[in-house]
Amino acid sequence: MAALRPRRRALVSPLCRAFSGPGCQLAPERAGERRDTAPSRVSGFCPPRKSCHDWIGPPDKHSNLRPVHFYVPENESPLEQKLRKLRQETQEWNQQFWANQNLTFCREKEEFIRSRLKAKGLELRTGSGQKATLDAEEMADFYKEFLSKNFQKHLCYNRLTADAEGAVESEN
Amino acid sequence: MAASPHTLSSRLLTGWVGGCVWYLEGRAMQESPREFIRLFRSVRKQWMTFQHFTFLRRMYVTQLNRSLNQQVKRKPEPTVSPFLERSSLAQAKAETCAMRPLPPPHLPLARKPNDKELLELESASVIEGSLDVGRETKEEKQWKEMKLHLDDLPGILARLSKIKLTALVVSTTSAGFALAPGPFDLPCFLLTFVGTGLASCAANSINQFFEVPFDSNMNRTKNRPLVRGQISPLLAVSFATCCAVPGVALLTWGVNPLTGALGVFNIFLYTCCYTPLKKISIANTWVGAVVGAIPPVMGWTAATGSLDAGAFLLGGILYSWQFPHFNALSWGLREDYSRGGYCMMSVTHPALCRRVALRHCLALIGLSAAAPVLDVTTWTFPAISLPINLYISYLGFRFYVDADRKSSRKLFFCSLWHLPLFLLLMLTCKRPPGATCAGGEPRG
């Protein structure tokens, strides 16, 4: 079994990698500058040694994207390494974008609720200690404002995504 | 011991939700009593208080629901969701967001304790040293190997191709085929059925491939296969191609080129126009309505080989139906759309959203009256479809006036049964061969 394993792995590993891709498949063009500002997201997770596949984790609590731990085969060619690094960078870039997006959303939502409650002369917490919330129609103003404020940002993100998809496909 | 988790959980949850949990607990007890005994032994070993044990027991019980569903962060969606998800969501409501890991490493943690349980925990003698181990093990357990399991593949592909939506699309195509004049050609029907189904699977898979990061961030879509890594993007696109090519080929050469062309056009419209437009402009809803209108037209052209007035009528009916259906659905998703950057009427132009929904509910009444004029059905049809059309228009009006979640949900759920019933009524009132629109009474 041990003797068979390396040979089988050699056949199976390219297939494994081809069919076991990550959740996101985009490559950034500005990954370099992004990476300098991105906070480290390395998790303590280590896949078992006998595994020859990528591993996917639980959704990140800020970006909601699932991180992928990429498998590095022993006989990785330079092109495969380049692809893996591209995928890794893409993943980090995406994680950073969405984490930033979600945190901004939550923060601005809190500020909006606080300001509206203050305008109405209400406390942030009701008598029973529960957090006071605004109803859906009041929140709708915030949702509209947030969407229009971030419209350009999303346009750039989607454009980068579309451009970069071609890059990764050609590498693949 | 066996009785208490049941009563405890039933006290926490009410009604049928509690019933679901009770049933699941029963299953858990039958399937893994050994786990429970191990838990009991660890409790005695570490000198925990009774309250702490109660808390641990509740954690074990709620963990069962957790293992069946993804962890929920937000309140539930109005759309149809499996009942298991609903029971875990109800439990999530009962607990707040403070994070406190527990010592025994073999006890899988899932739920976050509420304030009362936090106090109990702090009063118990918790061993701090094993906290980190507990936390790491918990996180490690959530990592999954991205290996394809062939037994899971059918389920994964079904979810990837949005099989339920595909089934609805194919049924509208079948309705179009059945409503078209001429004798019913079974082989042609089957080819159309399969071809359209494959084309729809392909379009849905490509759509999911394009939208992974967005789907991850929305509650309604975060359990999709590509988001969870159950299938690789390469395999998803390969599957889409393997559906699109035979699907379109079947339609083009098995049925007729017009139907094939409509199929290709629809796939293109959905994946390359509607999907990107969702993030650019609210016009996406109108494009999406055309995407929904094309399948019954395809059914008609498959049967007759030409795009006549009846085909456009059916397309018009489905086009109009999309608006109350989608606008009502999107009303409850405004937060997710806003955060994800989707340009939807419900977020940017809420009044327009409701107005358009109402407008198209009323249009359905008009279109049902046009059916006998165009010789598709008899005059019985507008008469017998009037009650359901008036009802959906009434709900559309309520949605327009009230503009709240309740009215949007009512309109959405009504649209789900309104369409099949509407098409069925149309079918029963189909113009028999040879009868003309003069007089309007069916012969024979």
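The chains referred to below are lettered A, B, ... by the order of the sequence lines, with proteins before strands, and numbering in each begins at 1. The analysis underlying the following values was restricted to heavy atoms, covering all of them including side chains, and did not include hydrogens, waters or symmetry mates.
In this structure, the separation between CZ on A/R159 and CD1 on B/I280 is 8.0 Å, given to the nearest 0.5 Å. Note: B/Q230 CD to A/I56 CD1 = 9.0 Å, rounded to the nearest 0.5 Å. Atom CZ of B/R339 is separated from atom CD of A/E108 by 13.0 Å, given to the nearest 0.5 angstrom. Rounded to the nearest 0.5 Å, atoms NZ (A/K50) and CD (B/E145) are 7.5 Å apart.
Residues satisfying the side chain to side chain donor-acceptor pair (under 3.5 Å) test with B/S407, not counting sequence neighbours, are B/D404. By the side chain to side chain donor-acceptor pair (under 3.5 Å) test, A/N158 pairs with no residue at all, sequence neighbours left out. Shown here are the ring-ring contact (aromatic ring centres under 6.0 Å, His included) partners of B/F399, two or more places apart in sequence or in another chain: B/W331.
In terms of heavy-atom pairs under 4.5 angstrom with chain B, the leader among A/S148, A/A140, A/P67 is A/P67.
Side chain of B/S338 to main chain of A/Y143: a donor-acceptor pair is present (N/O by atom type, distance under 3.5 Å, no hydrogens or angles). In terms of modelled atom types and a separation under 3.5 Å, the side chain of A/K144 and the main chain of B/T348 share a donor-acceptor contact.
Closest of all the heavy-atom pairs between A/W98 and B/G340 is CH2-O, 3.8 Å.
Inspection of non-hydrogen atoms places no residue of residues 149-159 of chain B under 4.5 Å from chain A.
Residue-environment remark: CZ (B/F239) exceeds the threshold of 12 foreign heavy atoms within 6.0 Å. Within a 6.0 Å radius of NZ in A/K153, more than 12 heavy atoms belonging to other residues, nucleotides or ligands are found.
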How far apart are the C-alpha atoms of A/Y71 and B/M146, what are their side-chain angles, what is the distance that settles it, and do they pass the side chain to side chain contact (heavy atoms under 4.5 Å, CB included) test?
CA-CA 10 Å; A/Y71 166 67; B/M146 294 179 79; over 6 Å; no
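The aromatic rings of A/H154 and B/F214 sit tilted, their planes meeting at an angle between 30° and 60°.
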